[in-house]
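Heads up: the structure comes next, in structure tokens.
Residues take their numbers from the sequence shown, with the count starting at 1. In what follows, every heavy atom counts, from backbone to side chain, and hydrogens, waters and symmetry copies are set aside.
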Amino acid sequence: MKYKILYRGALSSCNYGCTYCPFAKYKESRASLAHDKAALERFVDWVREQSGDRIGILFTPWGEALIRRWYREAIIDLSLMAHVDKVAIQTNLSCSLDWQAHCNKQRVALWTTFHPTQMGRARFLAQCHELDRQRIRYSVGIVGLKEYKEEIASLRRELEPQIYLWINAYKEIPNYYTQADLDYFKSIDPLFGYNLTQHKSKGQRCRAGETVVAIDGDGNIRRCHFIKKPIGKIYTGDIKAVLKPRLCPNQYCDCHIGYVHLNDLGLDDIFGEGVLERIPTAPILQSV
């Protein structure tokens with residue numbers, strides 16, 4: 001059986017302090033970090049035992065995971081498992097990239113985000129060019145703040161043309177964008193409108209819970225990160241027993257890792273096998 005997993009453990013620390021970040025960050029104790037490490041290692045062992053399935057994995061941590069050795073080691077281990085089709089992670093790209101030499105690079109991908117107040121564009125681009133050199137698949141994203149327009153334009157020009165640059169809409173201020181702003185951001189990211197929209201999802205068909213699930217550090221299975229009720233636990237039952245078609249119970253869905261799985265939006269046709277790393281299967285027209 002083929003399915004995708006969004007894994008989010010207890011890790012909540014980050015080396016960045018972005019004011020727009022929706023996730024609360026904490027300075028974690030050694031004990032809490034050790035707990036996260038043990039949970040991740042248990043998850044990797046569980047994946048190893050599912051050799052009869054085809055699995056894709058995206059790590060969606062509350063904080064920055066790649067500065068933690070155990071996440072780098074987990075990605076290496078998972079990429080070397082024959083039944084793991086893809087292992088990807090959301091990252092600010094601040095860590096060293098030397099560890100990727102030990103991966104199966106055909107199965108590793110990065111969902112990267114540029115934060116201009118935390119890292120200079122030159123340093124971020126140097127990291128991107130290193131990924132190019134290592135032939136690691138990746139996308140690049142940025143929050144669509146108006147004051148970032150020049151950074152976004154420069155980033156688009158300086159990235160390799162085939163790299164997808166996505167923009168996450170800033171939604172903390174109602175009616176934040178003028179029509180000119182919208183036109184500008186859509187010229188850079190033609191899919192920007194999807195992220196800007198609160199998609200009506202209640203009663204809609206969604207692949208969450210059928211071909212993609214969210215799993216936490218304790219092994220609880222949920223349909224997605226935005227539906228709290230567990231539907232099973234990987235350590236006490238067969239994950240395949242809970243995978244089935246379901247309709248969304250939430251009124252709206254406005255986060256990419258949620259709405260991308262809504263059947264009627266047709267985004268599976270756009271992202272296909274690149275859905276975990278947020279890379280469209282075919283190039284889309286982006287302004288430079």
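Residues Arg107 and Met81 approach most closely at NH1-O, 2.9 Å, considering heavy atoms. Pairing each heavy atom of Cys14 with each of Gly63, the nearest pair is CB-CA, 4.0 Å. The shortest heavy-atom contact between Gln90 and Ile257 is NE2-CG2, 4.0 Å.
Among residues two or more places apart in sequence or in another chain, the side-chain contact (heavy atoms from CB on, under 4.5 Å) test is passed with Pro245 by Glu210. A search for side-chain contact (heavy atoms from CB on, under 4.5 Å) contacts involving Lys171 returns Ala169, Asn195, Asp254, not counting sequence neighbours.
Side chains of Asp218 and Tyr235: no donor on one and acceptor on the other come within 3.5 Å. A donor-acceptor pair shorter than 3.5 Å cannot be found between the side chains of Asp216 and Tyr7. Side-chain contact check for Ser13 and Glu28: at least one donor-acceptor pair (N or O, by modelled atom type) lies under 3.5 Å. Side chains of Glu64 and Thr91: a donor-acceptor N/O pair is present below 3.5 angstrom, by distance only.
No side-chain donor-acceptor contact under 3.5 Å links Asp183 to the backbone of Ala180. Arg137 places no side-chain N or O within 3.5 Å of a backbone atom of Lys105 that could act as its donor or acceptor partner.
When each of Trp111, Trp166, Tyr194 is checked for a ring pair (Phe, Tyr, Trp, His ring centres under 6.0 Å) with His256, only Trp111 meets the rule.
Within 6.0 Å of the CD atom in Glu273, the count of heavy atoms belonging to other residues, nucleotides or ligands does not exceed 12. Annotation: Glu160, atom CD; neighbour count of heavy atoms from other residues, nucleotides and ligands within 6.0 Å is above 12.
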